[in-house]
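Each chain gets a letter, A, B and so on, in the order its sequence line appears, and its residues count up from 1.
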Amino acid sequence: MHCRRFLFTMNLVFYMHKFVRRRISMLQSVLIQHLGQHIDETVVVQGWLHTKRSSGKVAFLQLRDGTGFVQGVAAKTEVSDDVFALATSLTQESSLRVTGVVVKDDRAPSGVELQVQNLEVLHLTHDYPITPKEHGVDFLLDHRHLWIRGPRQRSILKIRAEIIKAIRQFLDDRDFTQVDPPILTPSSCEGTTNLFHTQYFDRDAYLTQSGQLYMEAAAMALGRVYSFGPTFRAEKSKTRRHLIEFWMIEPEMAYTTHEESLDIQEQLIQHIVHHVLTKCQVELKAIGRDIPALENAIAPFPRISYDEAIELLQNDGHSIQWGEDFGAPHEAAIVEHYSRPVFIERFPTSIKAFYMKPDPDRPEVVLCADLLAPEGYGEIIGGSQRIDDAELLASRFAEHELPAEAYAWYMDLRQYGSVPHSGFGLGLERTVAWICGLEHVRETIPFPRLLYRLYP
RNA sequence: UCCUCGAUAGCUCAGCGGUAGAGCAUCCGGCUGUUAACCGGAGGGUCGUAGGUUCGAAUCCUACUCGGGGAGCCA
């Protein structure tokens, strides 16, 4: 019985395909997001069946094409028996071309519906794994290649794309030049334990952990630069804030102090949030983001010193002492006092990277800052003013037992026209997670690389 | 590396020492406004793997495998 039904459907599909091809090809195909501009016109929508509901006399087809969702209504009295039979036999995620009249309807979430006239099935799907009911994380990640078809994941990827667009727009408008640092590197800037090792013919090479040092060179060549690319960390981190492969934006600015860098950072974040609030209302609603909470991200952001943060934590009952680095619970406790992103600046020199410039008034701290996102999303920016003095940098290399020969080129930057300069790294996925209000960064990237997951 | 939780139908889970269960999905039937549609029926299982305890193990114990959450580290 199953088999006969299947053959019947396939014959029908073949027949309909021949029957309607000429007429459909003469009609205009329209993206779902533009249907509102075609009221009362007959159009073709090319997409997939998201879900279907049907009764004996009417079938409701939820269609998607990547740009949006629209309901196609096939009424038994309005279409041929063949088309109606085809409509009721359609399966989830079958690919199809639907011909119909665009009509206004207040019952539709987008305000329009498609009155179906004809259907052309390109491929009839069987047993699509992701059903409209709930699924577990493991199952969904194993089916990530299909999971991204869903409305929630589509919205997140759309917002990610708009965030990227906003970042580029902001930096390009302020005379930054994009410069691409290498992905294959001879060694790291901060230890090799977290680096992905690979072969470079007969030598060792590592996947980049940060393009920063190269960007310092680029800033001396082009003034204001930024990189935008993937970063790899072989850390055995398994939390909602960590990916093995993630994307970073690393601006680097010549003739720029720590304070000027902070100004740019907060304006950038404000611009991103404003852009997403302007362009992505539909997507933000689709994923259930608390929009008023996002609207709080207006510059200037609070700037507190490491000293003040320690005091604040001690007053909250934490046993942390000056000189210790913050753990995740500390960051969460600090952020709880604010509803906006907050800068923590001037950390102890001893716990920060070798290239950070000491505060001239207090050499025990460096001119650096972390920007913590609100609502517990953790550090989204880390930045600093860099050491511009050749002698000091040389002594830092010695203190950190770094191989000076490998970094001769980096030392050169302090030999030939050294200037005060600053830069920062913005973690894309954590920013997307915060703006989307997600539980986990794994949903912010199309194909997440996680500690125990390299598939698909 | 450490702590902690988990693995039972295609999916989500219940069952916690005595005949393997539910909802959804699938298939069949019904329904002209559904929004995770609804109503009736059917099929569907080596209870993660290997040992052990017991008259009897999905259930208790041990080891292993795979995964979730978290710590450290970091964006």
Looking at A:Glu235 and A:Asn194, would you say the former's side chain and the latter's main chain have a donor-acceptor pair under 3.5 Å? no
Select one nucleotide: of B:G33, B:C74, B:A36, the one nearest the side-chain heavy atoms of A:Arg107. B:G33
Answer with base, sugar-phosphate or nothing: what part of the nucleic acid does A:Ile381 contact at a heavy-atom distance below 4.0 Å? sugar-phosphate
Students often get this wrong, so: under 4.0 angstrom with heavy atoms, is A:Glu429 touching a base, only sugar-phosphate, or nothing? nothing
Without swapping roles, check the side chain of A:Arg53 against the backbone of A:Ala59 for a donor-acceptor pair under 3.5 Å. no
Quote, to the nearest angstrom, the C1' distance that separates B:A9 from B:U4. 29 Å
side-chain N/O A:Arg152 vs B:A36 OP1/OP2, d < 4.0 Å: no
Describe the nucleic acid contact of A:Thr431 in one word from base, sugar-phosphate, nothing, applying a heavy-atom distance below 4.0 Å. nothing
Can you check the A:Arg53 CZ to B:G33 C1' distance for me, whole Å? 10 Å
Please report the distance separating the P of B:U26 from the corresponding atom of B:G17, rounded so that it comes out in whole Å. 37 Å
Regarding the side chain of A:Asp325, the nearest nucleotide among B:C31, B:C74, B:U34 is B:C74
Select base, sugar-phosphate, or nothing to describe what A:Glu379 touches, counting heavy atoms under 4.0 Å on all strands. sugar-phosphate
Proximal nucleotide (of B:U12, B:C74, B:G33) relative to the A:Arg430 side chain: B:C74
Under a 3.5 Å cut-off for both contacts, is B:A7 paired Watson-Crick or G-U wobble with anything, and if yes, with which nucleotide? B:U65
If we ignore hydrogens and angles and just use 3.5 Å, is the side chain of A:Lys57 paired with the main-chain N or O of A:Thr77 as donor and acceptor? no
Kindly point out which of B:U12, B:A75, B:G67 is positioned nearest to the side chain of A:Arg453? B:G67
Give A:Thr231 one of three labels, base, sugar-phosphate or nothing, depending on what nucleic acid heavy atoms sit under 4.0 Å from its own. nothing
A:Ile351 or A:Leu450, whichever maps to the more 5' nucleotide of RNA chain B: A:Leu450
Could you give the distance separating B:C16 and B:C61 at their P atoms, to the nearest angstrom? 15 Å
Given the P atoms of B:G48 and B:G10, what is the spacing between them in whole Å? 13 Å
Using a cut-off of 4.0 Å on non-hydrogen atoms, how would the nucleic acid contact of A:His50 be classed: base, sugar-phosphate, or nothing? nothing
Please report the distance separating the C1' of B:C47 from the corresponding atom of B:U8, rounded so that it comes out in whole Å. 4 Å
Assign each of A:Lys57 and A:Phe246 to its nearest nucleotide of RNA chain B by heavy atoms, then name whichever residue's nucleotide is nearer the 5' end. A:Lys57
Does the B:C74 base have a donor-acceptor partner in the side chain of A:His242 within less than 3.5 Å? yes
Base, sugar-phosphate, or nothing: which does A:Lys238 touch, judged by heavy atoms less than 4.0 Å apart? base
I'd like the C1' distance from B:C13 over to B:G45, given in whole Å. 15 Å
If you check every side-chain atom of A:Phe139, which of B:C11, B:U1, B:G67 has the closest atom? B:C11
For the P atoms, the ones on B:C55 and on B:G68, what distance do you get once it is rounded to whole angstrom? 41 Å
Verdict with reasoning, A:Glu162 to A:His275, per side-chain contact (heavy atoms from CB on, under 4.5 Å): CA-CA 8 Å; A:Glu162 287 298 335; A:His275 180 93; 2.7 Å; yes
Within 45 degrees of the axis of the six-membered ring of A:Phe170 and under 6.0 Å from its centre: does A:Arg174 put its NZ or CZ there? yes
Which nucleotide in the list B:U12, B:G33, B:A36 gets nearest to the side chain of A:Gln115? B:G33
For B:G69 and B:A57, measure between their C1' atoms and round to the nearest Å. 30 Å
What nucleotide, of B:U12, B:U26, B:A36, holds the atom closest to the side chain of A:His135? B:U12
In this structure, how many angstroms lie between the P atom of B:C74 and the CG atom of A:Leu426, rounded? 18 Å
Please check: side-chain N/O of A:Glu113 versus main-chain N/O of A:Val103, any donor-acceptor pairing under 3.5 Å? no
Over all strands shown, is A:Ala328 touching base, sugar-phosphate only, or nothing at heavy-atom distances under 4.0 angstrom? sugar-phosphate
For B:C73, does the base pair up with any side-chain atom of A:Ser237 as donor and acceptor (N or O, under 3.5 Å, distance only)? yes
Considering only B:A75, B:G72, B:G69, which nucleotide approaches the side chain of A:Arg442 most closely? B:G69
If you check every side-chain atom of A:Glu235, which of B:G33, B:C74, B:G72 has the closest atom? B:C74
Under 4.0 Å, counting only non-hydrogen atoms across every strand here, what does A:Gly327 touch: a base, just sugar-phosphate, or nothing? sugar-phosphate
A:Asp316 and A:Gln314: side-chain donor and acceptor closer than 3.5 Å? no
Side-chain donor or acceptor of A:Ser261 paired with backbone N/O of A:Thr257 under 3.5 Å: no
Counting side-chain heavy atoms from C-beta on, which of B:A71, B:U1, B:A36 comes nearest to A:Thr239? B:A71
